[in-house]
Amino acid sequence: MKIGVLNIQGDVSEHFQMIMHLHKKYNVDPVNVKTIENLHGLSGLIIPGGESTVIYKILKKSGMYEKIYEMAVSGMPVMGTCAGAILISRDTGDNRVNGMNLIDITIKRNAYGRQINSFIQSINIEDIGNFNAVFIRAPGIESPGNSMIMATVNGSPVIVRENNILAMTFHPELTGDNRIHEYFVSMIDN
Ligand code: GLN
């Protein structure tokens, strides 16, 4: 199975590594997604963190925005982390980034403040367990809508799932713990 990692900008290589580590167990291979052609034949897609306004512009310009939407609506699992969660949300409250509305969340960019307000927190994730979550200029999920809340920080959801779509406001690729990636791969299997 091919799992795409959107490679426009942001922390792409760490997600790539995570999927490579799961190769033996699940027969998954990461694919660098830079163009619309690279989306062809994927079983799942990871949209990494970075700067959502920049990623949004390039997704739109290349036609990948519409193509990803189409594939996700047809059932392809998508995991959005941090900026990636902003891009797949229903409402970003920021007219420079229109969410794809793949998951029914409203999200606020930079909800915890600036880079200096980044933090690491241990969270307890439904079906996964305790996880050290790295928040970097993280967005905040203001309303989970119809999505299932899998963990919260101070009462606010930080990882949510709706059917084939998984969104989190932190960076699961930075701690060397690949259980969230493994969970995502299991969404493809099922
Ligand atoms: N603050 C960034 C944005 O709004 C997201 C930060 C991140 O992905 N680490 O796009």
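The structure presented is a predicted model; accordingly, all values stated were derived computationally and were not measured.
Under the ring-ring contact (aromatic ring centres under 6.0 Å, His included) criterion, Y65 pairs with Y56, not counting sequence neighbours. Remark: H15 engages H181 in a ring-ring contact (aromatic ring centres under 6.0 Å, His included) (not counting sequence neighbours).
Legend: salt bridge (charged side-chain N to carboxylate O under 4.0 Å, His left out) pairs involving residues 67-78, not counting sequence neighbours, sorted by first then second residue: K67-E70. Residue pairs meeting the salt bridge (charged side-chain N to carboxylate O under 4.0 Å, His left out) criterion with at least one partner in residues 27-49, sequence neighbours excluded, do not occur; the list is empty. The salt bridge (charged side-chain N to carboxylate O under 4.0 Å, His left out) contacts involving residues 141-152 comprise nothing, where partners must be two or more places apart or lie in separate chains. Within the structure, salt bridge (charged side-chain N to carboxylate O under 4.0 Å, His left out) pairs that include any residue of residues 92-104 comprise R90-D104, D94-R96, D94-R109 (at least two apart or interchain).
With a 4.5 Å cut-off on side-chain heavy atoms, V12 and L6 do not count as touching. Residues M20 and V28 form no side-chain contact, since every pair of their non-hydrogen atoms from C-beta on lies 4.5 Å or further apart. The shortest side-chain heavy-atom distance between E14 and H171 does not fall under the 4.5 Å cut-off. Using a 4.5 Å heavy-atom cutoff, the side chains of T92 and N98 are not in contact. Within the 4.5 Å cutoff, side-chain heavy atoms of I55 are placed close to those of L87. Residues F184 and P77 have side chains in contact (heavy-atom distance under 4.5 Å, counting atoms from C-beta outward). A heavy-atom distance below 4.5 Å is not found between the side chains of I180 and T81. With a 4.5 Å cut-off on side-chain heavy atoms, M168 and M150 do not count as touching.
The main-chain N or O of E51 is found under 3.5 Å from a side-chain atom of Q9 such that the two form a donor-acceptor pair. No donor-acceptor pair under 3.5 Å is formed between the side chain of N130 and the backbone N or O of S122. A donor-acceptor pair is defined here as one N or O able to donate and one able to accept, closer than 3.5 Å; such a pair exists between the side chain of R179 and the backbone of I128.
Connection of I68 to M187 is not established within any shared hydrophobic cluster, with ILVMFWY side chains joined at heavy-atom distances below 4.5 Å, either directly or through further cluster members. Under the 4.5 Å side-chain heavy-atom criterion for Ile, Leu, Val, Met, Phe, Trp and Tyr, I165 and I188 are members of distinct hydrophobic clusters. Linking Ile, Leu, Val, Met, Phe, Trp and Tyr whenever their side-chain heavy atoms come within less than 4.5 Å puts M71 and L59 in one cluster. Cluster membership for M148 and I103, using ILVMFWY side-chain heavy atoms within less than 4.5 angstrom, is not shared. Linking ILVMFWY side-chain heavy atoms closer than 4.5 Å, directly or via other members, places F131 and I19 in a single hydrophobic cluster.
Interatomic distance, L42 CG to H40 NE2, rounded to the nearest 0.5 Å: 9.0 Å. Rounded to the nearest 0.5 Å, atoms CE (M18) and CG (L22) are 8.5 Å apart. Rounded to the nearest 0.5 Å, atoms NE2 (H21) and CZ (F16) are 12.5 Å apart. Atom OG1 of T152 sits about 9.0 Å away from atom CG of N124, to the nearest 0.5 Å. The OG atom of S89 sits 5.5 Å away from atom CD1 of I107, with the distance rounded to the nearest 0.5 Å. The structure places CG of L166 at 12.0 Å from CG of N163, a figure rounded to the nearest 0.5 Å.
Shown here for I123 and A133, the closest heavy-atom pair between the two residues is CD1-CB, 3.8 Å. Closest of all the heavy-atom pairs between A85 and A167 is CB-CB, 4.1 Å. Minimum heavy-atom separation, S118 to I136: OG-CA, 3.4 Å. Closest approach of I36 to G63, counting heavy atoms only: CD1-O, 3.5 Å. Shortest non-hydrogen contact noted between P48 and I46 is CD-O, 3.4 Å. Contact record, N101 with Y69: O-CE1, 4.5 Å, taken as the closest heavy-atom pair.
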Given side chain to side chain contact (heavy atoms under 4.5 Å, CB included), test N27 with H23 step by step and report yes or no.
-> CA-CA 5 Å; N27 195 26; H23 172 81; 3.8 Å; yes
Pair F170-V153, side chain to side chain contact (heavy atoms under 4.5 Å, CB included): steps then yes or no = CA-CA 11 Å; F170 56 92; V153 168; over 6 Å; no
Candidate pair Y183 and I125, rule side chain to side chain contact (heavy atoms under 4.5 Å, CB included), full reasoning = CA-CA 11 Å; Y183 178 87; I125 309 177; over 6 Å; no
Would T175 and V134 count as a side chain to side chain contact (heavy atoms under 4.5 Å, CB included) if you check the C-alpha gap in whole Å, the side-chain angles of each, and the deciding distance to 0.1 Å?
-> CA-CA 8 Å; T175 44; V134 181; 3.7 Å; yes
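A salt bridge is defined here as a Lys NZ or Arg NE, NH1 or NH2 lying under 4.0 Å from an Asp or Glu carboxylate O, and K25 with E182 meets this definition.
In the model, R137 has no side-chain atom that pairs as donor or acceptor with a side-chain atom of Y112 under 3.5 Å.
Looking at M64, M76, M79 one by one, the single match for side-chain contact (heavy atoms from CB on, under 4.5 Å) with L45 turns out to be M76.
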